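Positions are given from 1 along the sequence. Note that the structure is a prediction, hence the values are computed from the model and not measured.
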Amino acid sequence: MASTETDSAPTKPIRIETKAELDELVATHERVLLDIYTKGCTLCQSIEPVLGTVAKATDVTVVMVNPQTDMSIAETYTIRSVPTLLLFEDGDLVGRLDEGFQGAQAIIDFIDDPSEHGSDRLKSAEK
């Protein structure tokens with residue numbers, strides 16, 4: 001495959017609407033941080049500018065999705081609360097952060113070492 005702009009991490013979050021779009025991004029980017037949010041969620045609105053900072057400060061592709069546009073996302077990853085952040089590396093889900101609002105440094109720390117943030121919960125999310 002020829003190198004394109006999608007091979008490098010964008011410096012701002014990408015909004016998607018479907019699991020197919022997510023699957024494509026996970027397949028074409030080495031690391032993807034997925035923010036699962038809902039419209040009207042104040043914590044989700046508060047974390048959005050933080051994710052912009054994270055996108056600029058890291059090599060991670062930051063993606064945002066409202067699971068109400070494709071419920072299979074919520075089902076596949078067992079989403080019980082929002083915001084939920086999922087980290088994918090080389091196509092695999094490696095981390096989950098679902099503890100409400102997080103600042104930029106906390107999210108960067110999660111990206112650097114997802115095992116410190118409850119990745120044992122991944123087993124149920126990968127079913």
> At their closest point, which heavy atom of A74 faces which heavy atom of P67, and how far apart are they?
Replying inline: CB-CB, 4.0 Å
> Closest approach of S46 and F101, non-hydrogen atoms and distance?
Replying inline: O-CE1, 3.4 Å
> What distance do K12 atom NZ and L51 atom CG have between them, rounded to the nearest 0.5 Å?
Replying inline: 14.0 Å
> If every non-hydrogen atom of L87 is compared with every non-hydrogen atom of P114, which pair is closest and at what distance?
Replying inline: CD2-CG, 3.9 Å
> How long is the gap from OG1 on T58 to CG on D112, to the nearest 0.5 Å?
Replying inline: 8.5 Å
>> Tell me which one of I47, N66, T84 satisfies side chain to side chain contact (heavy atoms under 4.5 Å, CB included) with D35.
In response: I47
>> Checking L85 against L33 for the side-chain contact (heavy atoms from CB on, under 4.5 Å) test, could you report, in this order, the C-alpha distance in whole Å, the side-chain angles of both residues, the deciding distance, and whether it holds?
In response: CA-CA 7 Å; L85 301 176; L33 179 68; 4.0 Å; yes
> Could you state the interatomic distance from NZ (K19) to OG1 (T76), rounded to the nearest 0.5 Å?
Replying inline: 4.5 Å
>> Counting neighbours of CD on Q105 that are heavy atoms of other residues, nucleotides or ligands and sit closer than 6.0 Å, is the number greater than 12?
In response: yes
>> Applying side-chain contact (heavy atoms from CB on, under 4.5 Å) to V54 and I108, what does each step give before you reach the verdict?
In response: CA-CA 7 Å; V54 170; I108 291 168; 4.3 Å; yes
> Closest approach of S81 and D98, non-hydrogen atoms and distance?
Replying inline: OG-O, 4.0 Å
>> Working note: L22 + Y77, criterion side-chain contact (heavy atoms from CB on, under 4.5 Å); need CA distance, chi angles, decisive distance, verdict.
In response: CA-CA 12 Å; L22 173 61; Y77 300 109; 3.9 Å; yes
>> Please tell me whether L97 and L43 are part of a single hydrophobic cluster in this structure, the criterion being side-chain heavy atoms less than 4.5 Å apart.
In response: yes
> How many angstroms lie between atom CD1 of I107 and atom CD of Q102, to the nearest 0.5 angstrom?
Replying inline: 6.5 Å
> If every non-hydrogen atom of P83 is compared with every non-hydrogen atom of C44, which pair is closest and at what distance?
Replying inline: N-SG, 3.7 Å
>> Just verifying a value: how many Å separate F88 CZ and T61 OG1, rounded to the nearest 0.5 Å?
In response: 12.5 Å
> Between D70 and E17, which heavy-atom pair has the shortest distance, and what is it?
Replying inline: CB-O, 3.4 Å
>> Can you tell me how far apart CZ (R96) and CZ (F110) are? Round to the nearest 0.5 Å.
In response: 9.5 Å
